[in-house]
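First comes the structure, then the notes that go with it.
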Amino acid sequence: MRVVIAEDSLLLREGLVALLRENEVEVVAQAEDGEGLLRIVSGHKPDLAIVDVRLPPTFTDEGIRAAIEARRRQPGLGVLILSQYVEPTYTSELLAGGEGGVGYLLKERVGDIPAFLDSIHRVAAGGTALDREVVADLVQARDGGDGGPLGLLTPREQEVLSLMAEGRSNAAIAEAIVVTPGAVEKHISNIFSKLNLAATDDDHRRVLAVLTFLRAGE
Amino acid sequence: MRAWLQARLYRAGLDLAYLAIGGATAVLAFGVWVGAVTVTLSLLVFVVGLPLFLLSAIVFRWTTELDRRNAALALGAPLRGRYRDHRGEGFFERLGRTAGDSQTWKDLAWLVLHSLVGVVFAAVAVGLVAQTIAVALLPAWYWAIDGGVDVGIWHIDALGKALAATALAIPLAALAMALLRGMAIAESRLAAALLGSGPGSEPAVAEAATGEAPRRAPSRVDPRTLLLGQAALSGLVAIVVCVAWLATGAGYFWPGPVLIGLTILLGLDAGLQAALRGPERMRPLAIQGAISAVVTATVVAIWALTGAASFWPVWVILGLLVALALHLLVATMWRHVYPDARERRLEQRVDVLTRTRRGALDVQAAELTRIERDLHDGAQARLVSLSMQLGRAEERLADQPEAAELVRAARSDASAAIGELRDLARGIAPPILADRGLVAAIEGLGRRSPIPVVVEAELERRPPPVLETAAYFVVAEALTNVAKHAPQAGARVRIELDAEALRVEVGDDGPGGADPEGGGLRGLRQRVEALDGTLAVASAAGEGTTIRAVLPCEW
């Protein structure tokens, strides 16, 4: 897998590069701002771009804009956004885009290396990797506790729903909540029928369905 | 109809009384100021003049007090004068203080003006009323006059004509009431300006807290409208009178004095209005200028009408100019001699405070943003880097589970620290507010809130950061309150930006009954008021709660 990084902080950029290289992920190029990102994407055609939300010159949301533009120019490019904070506005904009994997993680997740690598591979493969904080936000916004369709789900099913929204595969979910993959499948089909969602085998579509459902609360 | 008529008659009666008493005080005033000025001035060269000056000031005060009380007839409440406090001062200090007290000189100005104008007004008032009554009662006495009575253009020498002529009493009465009102307003306005304790001594009207930005109390009737009304009425009277003159053979131009009177009144009122609209500092001078102009015009008109012989008004004009020049001289000197006049000091202080407060709040807003940026770039970045390195160390310790566990715990602590810093940053300067603006930040608040929130906001431009922050925290606190006290309710946030202010409104359909002085709301009010804004809470039980904040955009 070939990866490019757009991050203006030297400390974090070097840390990321070292971390990735130690885990057999090739970093083909680095950039420090939005223009740089677009340049290296068109130059190297990577599988995945890891981008910080805040980049020069204004340090507001250059990262998101550059990532969306990069994906427009190279459809199928996986984009993983790293941010210090979660804002639901950015999540919506990212998910509204076209093809290609999408990820939005808080920066501290990179410390949990196995999970980080899992996210990277998922996004590069066209899947989804949303930070559990993001999903928690969406779930809370959807129903705010009691009442509403989410109330129909058992606590276990709500857990599985959140993990699905993060973009995890069935196997990963099973491992996360310590049950058999079969149990996970059963939970999932229950969820889909209770929430009236069309069942699908495709991981990405499944996440989209769940996210669309969750975002319907906005 | 009857009530209206009664009110009008009552008002006219009050005006008549006011003007008549004013005439009496005018005569008194004449004696007082002529006596005081001549005696004091002539003896000023000798030391005796100085205590006489003090005595004069005291006499002025007593005399003008009569006029202040009298003004109650025209204004509804007596005027209050404000004099400098003299207690416990020595002679020379007292002398200086009295000479420096603007009210002393205003008293003198009033006495002079009033002594000239007050008598004229009183004469006109009483004369008009007497005339009206005479015409109304014509049938009762016309027969006592040899050769009949002349009423305007008609000659009354028979009962039939007398009865018909009484109809004239009605337009006369209307004219009288209007003129009485006009004169009473003019005189009482002058009194208020010179004898009152501030511009327009009417009590300020307190605005109900409905979220309106605080404004100066508006006058009850627009003076310009009054002036227009007076002009219209004068024009009407002039036309009627001229038509009457033409209809009766166009002999001696008897409407002349009437027209002159009307013009004087109109000029006086217009001039005074213009003068009162000027800056506070120039007001006494402007008033004197306006009155001088009117007097000059009057005098010239009289000269023109009485044959236009040698130009005697030149002396009057010279006298007025000298008075104006003296006034200007005294005012300028006074400003030099008393550079630390209290009003000036206060004005300067207010200017300084406004400027520095603005500066302080701007600095605070900029600092908070800088703190958030520094946190982001500095501490948080370092903690993330720390987290990464601990993760990499954990990988290498796969064969030493205890050590790996320690490192994992350390990484977890670092994550917690990052989370806490993030919440801190959002609490002082939410990043999305600076990055995307107020509307995006509020939409984010709505999404994050456990209750349903509808956001209606259309801003063509971004307000200054300091206002955005205040508005953001108003909405944040309001939504938190709703979620806490009325979790079943829904909320709506509306934001508008116009040329004057940023207006924020958060309403919910909960049970209402919120405490407007509650802790969170009190802090919000302080934040909003520091920006010269207002915060209003409307929370009737059963009708939900609405919070309105208005933040003026003068930044």
Side-chain angles (χ1 to χ4, degrees), chain A residues 7-23 52-54 58-65 82-93 106-117 133 136-148 214-215 217-218, chain B residues 369 372-373 375-396 398 407-408 410-412 414-419 421-423 425-426 430-437 439-453 455 483 487-488 490:
Chain A
E7 167 65 62
D8 65 295
S9 157
L10 186 64
L11 195 60
L12 293 181
R13 206 167 60 230
E14 302 211 318
L16 268 177
V17 169
L19 190 154
L20 289 171
R21 287 202 174 132
E22 279 171 13
N23 288 280
D52 186 348
V53 155
R54 279 188 178 179
T58 71
F59 294 98
T60 53
D61 55 2
E62 265 78 353
I64 290 264
R65 306 216 173 287
L82 291 180
S83 174
Q84 297 279 31
Y85 56 89
V86 174
E87 278 297 341
T89 333
Y90 297 154
T91 324
S92 317
E93 284 182 21
L106 291 176
K107 276 188 187 165
E108 60 249 41
R109 302 284 174 247
V110 298
D112 181 350
I113 297 185
F116 182 54
L117 292 174
E133 292 268 334
D137 260 2
L138 285 174
V139 167
Q140 194 191 31
R142 179 67 172 96
D143 272 345
D146 45 64
L214 287 177
R215 285 174 56 210
E218 291 169 8
Chain B
T369 313
E372 196 270 326
R373 285 276 149 83
L375 274 179
H376 178 273
D377 299 339
Q380 280 174 320
R382 222 165 252 294
L383 283 171
V384 169
S385 172
L386 173 68
S387 187
M388 276 198 283
Q389 288 176 333
L390 286 173
R392 289 159 65 197
E394 202 182 324
E395 279 192 315
R396 283 180 186 71
V407 173
R408 198 207 55 75
R411 194 165 53 75
S412 161
S415 272
I418 295 177
L421 277 179
R422 178 167 43 237
D423 287 341
R426 197 188 271 153
I432 195 173
L433 186 62
D435 294 354
R436 290 289 192 91
V439 178
I442 302 251
E443 285 173 349
L445 272 179
R447 259 186 283 251
R448 219 180 299 130
S449 173
I451 57 167
V453 176
V455 177
Q488 308 298 334

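Chain letters run A, B, ... following the sequence lines, proteins first and then strands; every chain starts at 1.
Among A/I113, A/L11, A/L16, the one residue that satisfies the side chain to side chain contact (heavy atoms under 4.5 Å, CB included) test with B/M388 is A/L16.
Of the inter-residue distances, the one linking A/S9 atom OG with B/Q380 atom CD reads 11.5 Å to the nearest 0.5 angstrom. Taking OG from B/S387 and CD from A/E108, the interatomic distance works out to 7.0 Å, rounded to the nearest 0.5 Å.
A search for side-chain contact (heavy atoms from CB on, under 4.5 Å) contacts involving B/S412 returns B/R408, not counting sequence neighbours. Listed by chain and residue number, A/E22 satisfy the salt bridge (charged side-chain N to carboxylate O under 4.0 Å, His left out) test with B/R396 (two or more places apart in sequence, or in another chain).
In B/R392, the CZ atom is crowded: over 12 heavy atoms of neighbouring residues, nucleotides or ligands sit closer than 6.0 Å.
For a residue to count as touching a neighbouring chain, one of its non-hydrogen atoms must lie under 4.5 Å from one of that chain's; by this rule A/R54 touches chain B with the side chain only. For A/D8, no part sits under 4.5 Å from any heavy atom of chain B, backbone or side chain.
Counting heavy-atom pairs closer than 4.5 Å to chain B, the top residue among A/L12, A/L106, A/V110 is A/L12.
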